[in-house]
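Sharing a structure with you now.
These values consider heavy atoms only, across backbone and side chains, with no hydrogens, waters or symmetry-generated copies. Residue numbers start from 1 in every chain, and the chains themselves are labelled A, B, ... in the order their sequence lines are given, proteins ahead of strands.
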There are 2 protein chains.
Amino acid sequence: MKRHSIAAPFRSRHPHPCDGHLPSDLEPILRQRITETAEATLELNRGEILVHSGEPFKYLYLLLSGGFKAEEIGEDGLSQIVSFHYAGEFMGLSAFAEQRYMVDLIALVPSSVCEFPMAGVQTIIQDDRALLDRLLIYVSDRLMRAEQVQLMLGSMSSTQKIAHFLVDRLEASRRGAQAESRFELPMTRKELGSYLGLSMETVSRLLSHLQEQGVVRVDKRQIEILREDQLRVWLDGVVSLPASSRGKPAAKQALKLA
Amino acid sequence: MKRHSIAAPFRSRHPHPCDGHLPSDLEPILRQRITETAEATLELNRGEILVHSGEPFKYLYLLLSGGFKAEEIGEDGLSQIVSFHYAGEFMGLSAFAEQRYMVDLIALVPSSVCEFPMAGVQTIIQDDRALLDRLLIYVSDRLMRAEQVQLMLGSMSSTQKIAHFLVDRLEASRRGAQAESRFELPMTRKELGSYLGLSMETVSRLLSHLQEQGVVRVDKRQIEILREDQLRVWLDGVVSLPASSRGKPAAKQALKLA
DNA sequence: CGGTCGCTTGATAATCGTCAATTGATGTGG
DNA sequence: CCACATCAATTGACGATTATCAAGCGACCG
């Protein structure tokens, strides 16, 4: 984990590395003040740990580029990825309650993050309550998403889970600059399985199955969505994973519904 | 749903109905100010809906007595209970992001809640930022819990899920006034199943099984924990639900581990 | 008193996890 | 630079866990 300190003179002379990466709904004044409190940027390689669960909540992190997983660790050794983080997102928002991080934050791919000391954040909040308003909204937003993940984990079949994930990624990539229907997954099949509550093997089979049916094109971690409509059929729960494509009824079904 | 307005003259002369129900970590000054903004208390019977998902976020609710479920509704008709709420808890905290409620809030048993108009809450926040700090903590606390539920849903077996739930309830009842190892469930088996990502039948079988082994006593919705140590063995994942107690190896296993 | 609801229990079957073998990619040290 | 180890991914065979279907029972309500 390489650390690049941002000295005060540097800050005033150069475009700030966090600039252009802050959430777009943040008021301009706040952007500037936040930017000024950033103490350093960090570069992490795949597998490097940014924060350990249980450590005191000293920094808020903004992901500038790359990808992260947030992994919840049970007392008994169980673990589960509870969220993935993509560029532009804050990380560590579940730490306000206990003033300690509640998850491990681990880089999935080479990533850079911006580090905001909580002391500085508190200072900003002293003169301008707007930032606190924003933080409340961000945390509430994550809560909303976590509840949606609960629905996914508790009530969906494996096919629905994958479709749910792919549709979510597709919509995110559409919101991006050049509205693509292609994207790159930053995580392994195993990590995706952990997030979805499935085994690595099931994830792999589902992706193969989706590809056989011409719904997506899968090349390593490159995903291209060919038929969003079919994906939404999977999401509606009509399709199920065949036991090694028994007599290939699944293909017929897919054609029927097309 | 019966509504009792709290007129201003009433407020000054009587002990307030919300008094003594607010979270204990709230500063006294805030308690008083919050209490003053309460507009009404509501009485709901089992099954009555306090809030529909999607409605605008007009009120924050404090549960005074009884129990609630928060039910997430998928676009396709799927639904899942994402949390239960017990006396003293705020409800509706995932609504800050979109300014709409994200779940249905439904009474599990006859309940009373205190209704705080968001307009009034905003007013308090204008003069005193402490309340906003508190809200951030409460939302972050719920996020933390939601992430723990994700771990439960994604990585635990049915036996671990039930044990997890019962241990959680046991600890809550211990924190109560007379530190009991007995408590009453406010929800049906089906509702509990929805929350745990299990079918009603599996929940019923697991409770029967726990009773056969003398770990708990179950009478309708009354639960008494007899052997917390055994419950924690279940939580560690050593035990599994036998297929109709095949030759009763489960009983032997339980004795071995005792 | 009939009907619905909550709960229990049994039989059966489907989904999905586990185990295993294989392949290709990556990286490391001799 | 190549052999070797490790890791990610795929695919198949098998079986366990847990959902579904079905029947029955007591409680409560109209």
Side-chain angles (χ1 to χ4, degrees), chain A residues 45-47 69 78 80 108-110 152-162 184-194 196-212 216 218-223 234 237-246 249-250, chain B residues 45-47 69 78 80 108-110 152-163 184-194 196-212 216 218-223 234 237-250 253:
Chain A
N45 286 315
R46 142 111 220 172
K69 60 178 169 182
L78 284 182
Q80 163 100 8
L108 293 170
V109 292
M152 182 274 286
L153 287 169
S155 317
M156 287 185 178
S157 67
S158 62
T159 48
Q160 290 176 295
K161 285 176 177 179
I162 290 272
E184 171 135 17
L185 300 179
M187 73 293 284
T188 66
R189 304 285 191 264
K190 192 157 145 198
E191 286 161 337
L192 182 50
S194 170
L196 297 175
L198 297 173
S199 70
M200 178 192 69
E201 293 93 331
T202 300
V203 171
S204 178
R205 274 186 255 269
L206 287 165
L207 288 175
S208 299
H209 189 202
L210 274 167
Q211 173 152 261
E212 281 167 24
V216 303
V218 182
D219 179 41
K220 314 260 172 199
R221 299 193 186 170
Q222 283 285 340
I223 305 284
W234 278 49
V238 185
V239 189
S240 64
L241 182 65
S244 74
S245 299
R246 45 182 185 274
Chain B
N45 286 315
R46 144 110 220 171
K69 60 178 169 184
L78 284 182
Q80 164 98 7
L108 293 169
V109 291
M152 183 272 289
L153 288 170
S155 316
M156 287 185 179
S157 68
S158 62
T159 47
Q160 289 176 296
K161 286 176 176 179
I162 289 272
E184 171 136 16
L185 300 178
M187 73 293 283
T188 67
R189 302 287 190 262
K190 192 158 148 196
E191 285 161 337
L192 182 50
S194 169
L196 297 176
L198 298 173
S199 69
M200 176 193 67
E201 293 93 331
T202 299
V203 171
S204 177
R205 275 186 255 270
L206 287 165
L207 288 175
S208 299
H209 189 202
L210 274 168
Q211 173 151 262
E212 281 167 24
V216 304
V218 182
D219 179 41
K220 314 259 171 201
R221 299 193 186 169
Q222 283 284 340
I223 305 283
W234 278 48
V238 187
V239 188
S240 65
L241 181 64
S244 75
S245 300
R246 43 185 187 276
K248 318 213 183 205
Q253 187 179 34

Exercise. Any side-chain heavy atom of Leu198(A) sitting closer than 4.5 Å to one from Leu206(A)?
Worked result: yes
Problem set entry | Short side-chain N/O contact from Ser240(A) to OP1 or OP2 of dA14(C), under 4.0 Å | no
For this session: Calculate the interatomic distance between Arg221(A) atom CZ and dC7(D) atom C1'; express it in whole Å.
Result: 11 Å
Exercise. Hey, does Gly47(A) reach any base, or is it just sugar-phosphate, or nothing, if we go heavy atoms under 4.0 Å?
Worked result: nothing
Exercise. For the pair made of CD in Glu212(A) and C1' in dG12(D), what is the distance, rounded to whole Å?
Worked result: 13 Å
For this session: Would you kindly compare Ser208(B) and Arg46(B) by the position of their nearest DNA chain C nucleotide and give the one closer to the 5′ end?
Result: Arg46(B)
Exercise. How many Å lie between CG on Leu108(A) and C1' on dA8(D), as a whole number?
Worked result: 14 Å
Exercise. Any side-chain N or O of Ser158(A) under 4.0 Å from OP1/OP2 of dC16(C)?
Worked result: yes
Exercise. Would a 4.5 Å heavy-atom cut-off, applied to side chains only, mark Trp234(B) and Lys161(B) as touching?
Worked result: no
Exercise. How many angstroms lie between atom CD of Glu191(B) and atom NZ of Lys69(B), to the nearest 0.5 angstrom?
Worked result: 4.0 Å
Exercise. Can you name the nearest heavy-atom pair linking Thr159(A) to Val239(A), along with the distance?
Worked result: OG1-O, 3.1 Å
Give me, pair by pair, the N or O atoms of the protein and of nucleotides 18-27 of chain C that are less than 3.5 Å apart, along with how far apart they are.
residue : atom : partner   : partner atom : Å
dT18(C) : O4   : Arg205(A) : NH2          : 3.0
dC19(C) : N4   : Glu201(A) : OE2          : 3.1

Exercise. Atom CG of Leu192(B) to atom P of dG6(C): distance rounded to whole Å?
Worked result: 14 Å
For this session: Would you mind reporting whether Thr188(A) and Arg221(A) have side-chain heavy atoms less than 4.5 Å apart?
Result: yes
Problem set entry | CG-CG distance between Leu207(B) and Leu185(B), expressed to the nearest 0.5 angstrom | 7.5 Å
Seminar exercise, completed: Comparing Ser157(A) with Ser204(B), nearest DNA chain C nucleotide closer to 5' gives the residue Ser204(B)
Seminar exercise, completed: Atom NE2 of His209(B) and atom C1' of dT17(D) are separated, to the nearest Å, by 14 Å
Problem set entry | Length of the line joining Arg189(B):CZ and dT18(D):P, which is rounded to integer Å | 18 Å
Exercise. Ile223(B) CD1 to dC7(C) P: how many Å, rounded?
Worked result: 11 Å
For this session: Would you indicate what Leu207(B) reaches in the nucleic acid, counting non-hydrogen atoms under 4.0 angstrom: base, sugar-phosphate, or nothing?
Result: nothing
Exercise. Heavy atoms, side chains only, cut-off 4.5 Å: are Leu210(A) and Val218(A) in contact?
Worked result: no
For this session: Could you tell me the separation between the CH2 atom of Trp234(B) and the P atom of dT17(D), rounded to a whole number of Å?
Result: 13 Å
For this session: Indicate, with a heavy-atom threshold strictly under 4.0 Å, whether Gly193(B) touches base, sugar-phosphate, or nothing.
Result: nothing
